[in-house]
2 protein chains.
Amino acid sequence: MATTRRVRARRGEGVLLREEILRAAGELLAETGTEDALTVRVVAVRAGVTTPSVYLHFAGKEELVEAVCLRAWDELGRIFAESRGGDPFLALGRCGRAYARFALDHPAQYRVLMMRPSAGPGVPAAASAAFGHMVAAVAACVRAGVLQGDPETLALGLWSAVHGCVSLLIAQPSFPWPEDREALIAHIVHMAGFGAALQSRLPRALPPSARLAAELDDFGVRLTAAGEQSGQTGQCGQPGQTDSV
Amino acid sequence: MATTRRVRARRGEGVLLREEILRAAGELLAETGTEDALTVRVVAVRAGVTTPSVYLHFAGKEELVEAVCLRAWDELGRIFAESRGGDPFLALGRCGRAYARFALDHPAQYRVLMMRPSAGPGVPAAASAAFGHMVAAVAACVRAGVLQGDPETLALGLWSAVHGCVSLLIAQPSFPWPEDREALIAHIVHMAGFGAALQSRLPRALPPSARLAAELDDFGVRLTAAGEQSGQTGQCGQPGQTDSV
DNA sequence: GACGTTAGGTTAACGATGTCAACCTGACTC
DNA sequence: GAGTCAGGTTGACATCGTTAACCTAACGTC
């Protein structure tokens, strides 16, 4: 297909082609915005090489796509590093919003690495990196006493909330989202952070529904309807709790 | 491929084949667990018909797959209906957990409809149905005074949290999840519900960091480190708030 | 400088997939 | 019984991921 053959790399420099393939695939992904456009043939042509040559450097298409998308993850590490510092709770919020911005800035890569069945049996690098950063930010809050409980469990909650929001934004672009996405994300980060901060302070010994009632009573918050008498705490519920249903 | 031709349906009963194709595809999806196994040819053979016949009833593969997966969504409506009733905040929690259970019970269908770029320009039916149920449960809480604010915005937060958790569970099965998934989901529903309940009660007029500080002060919660003096409220942060970074 | 070795590619082909144009045919209408 | 058309089939096309077999220029060796 190519008019001229590729000038063969010198011995030991075959890795150069790998780099060139990754660059070509990355460009293609950026231009088209979807991984479906990443066919082995097109990538090969773009790298100035024949199709089977791709298999000299990647075991298969899946590995190629994964490698391409993983490149964006370096940026995530940098972003999280920049978000650290200062008040740990504020930093946690910055990390959450930065994570969301990162995902929305690289929707195709995020979709490939986080929203598709992971191929290999090992823990996927992208997910464990993202989660690792989250845990670090949460652990700082725990050390500071802002959050209480297992950092990993807390981080899973925050990660779920932020990932849920951006993954819906990415996968459902035609959903009637509010215009201000930034505000939506801030809202959700706020909700998650606030929920985590207060949830962990519930006295675990109490039965859950009583727990929430007592806690909110301490907080001066009524969970009953505005017009009802507020002396009854038994009618207050807690959404995370398994009850009759 | 089939040894005998299909007995042709009577006039006006061509829809019977559509139903048969959907059934065959549904079985295949249930057996294999992945939509990649849903090839037009295999579905056709299984329905006892030749490949192009599928195109008499579905515009393309995408439409077929979507139709198959949408069948599970009827169950979601039923599940949400069962979760209603009683204390609205408790019901909201039941809905969240039921939603998560539904997603984990139909991972392939959930992945296809919620974790892939939606094809058509119209609002995808699956997402709007799921969100609609969420909004209904939240709106009941708002009417009861348990939650405050825009039901749709609040529902987006809860939906994000639950969807985020289950979509990660589905897409990253090799991640080191805690053994008790049910507990994880309950934790996240709890976090989201608690966060939404308290977040909406923050006096919006105050600048956010002062808001959180004042609110938590009312609640008797210290966001500073355990060892620090607690008179200073200015050092408290709020994760959803945009600040210097 | 000739030689064998081998890394770095190419050529040609396979099987599977989604999709379509053209054709067939039996059920129904009149 | 002729005509029509819904309900399907035949056969084929382009494209995809992947592989086997082959070629050849670069290098170490003598």
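Protein chains get the first letters and strands the later ones, always in sequence-line order, with residue 1 at the start of each. Here the structure is a predicted model, which is why all the values come from computation and not from measurement.
- Proximity of A/Ser53 to the phosphate of C/dT10: a side-chain N or O atom is located under 4.0 Å from OP1 or OP2.
- Checked against the 6.0 Å centroid criterion, the rings of A/His190 and A/Phe194 qualify as a close aromatic pair.
- Between the CZ atom of A/Arg18 and the C1' atom of C/dA7 there is a distance of 17 Å, rounded to whole Å.
- The phosphate of D/dC27 (OP1 or OP2) has a side-chain N or O of A/Arg10 nearer than 4.0 angstrom.
- Note: B/Phe131 and A/Phe175 have perpendicular aromatic rings, judged against thresholds of 30 and 60 degrees for the angle between ring planes.
- Put simply, OH on B/Tyr55 is 13 Å from C1' on D/dC13, counting in whole angstrom units.
- The base of D/dC5 sits within donor-acceptor range of the side chain of B/Arg11, with an N or O pair under 3.5 Å.
- Of the two residues contacting DNA chain C, namely B/Val40 and A/Gly14, the nearest-nucleotide position lying further toward the 5' end is that of A/Gly14.
- One interatomic measurement links the two molecules: CD of A/Glu35 to P of D/dC16, which rounds to 15 Å at whole-angstrom precision.
- Between A/Phe102 and A/Val166 the shortest side-chain heavy-atom distance does not fall below 4.5 Å.
- If you measure from atom CG of B/Leu17 to atom C1' of C/dA27, you get 17 Å, rounded to the nearest angstrom.
- Per the geometry, CG belonging to B/Leu56 stands 13 Å off P belonging to C/dA21, to the nearest Å.
- Listed candidates were D/dT18, C/dT11, C/dT17. Nearest to the side chain of A/Thr51 is D/dT18.
- Salt-bridge check for A/Glu62 with A/Arg116: passed, with a basic side-chain N closer than 4.0 Å to an acidic carboxylate O.
- We find that CG of A/Leu38 is positioned 12 Å from P of D/dC16, with the value rounded to whole Å.
- Here D/dC16 presents its C1' atom at 14 Å from CG of A/Leu64, a figure rounded to the nearest Å.
- Rounded to a whole Å, the CD atom of A/Glu19 is 17 Å from the C1' atom of C/dG8.
- Residue B/Arg8 has its side chain nearest to D/dG7 when only D/dG7, C/dG9, C/dC20 are considered.
- For the pair B/Lys61 and B/Ala9, nearest-nucleotide mapping onto DNA chain C gives the more 5' position to B/Lys61.
- Residues B/Leu154 and B/Met134 have side chains not in contact (no heavy-atom distance under 4.5 Å, counting atoms from C-beta outward).
- Residue-to-nucleotide proximity on DNA chain D shows that, of B/Arg41 and B/His57, the 5′-proximal contact is made by B/His57.
- Residue A/Arg6 has a polar side-chain atom (N or O) positioned under 4.0 Å from OP1 or OP2 of C/dG9.
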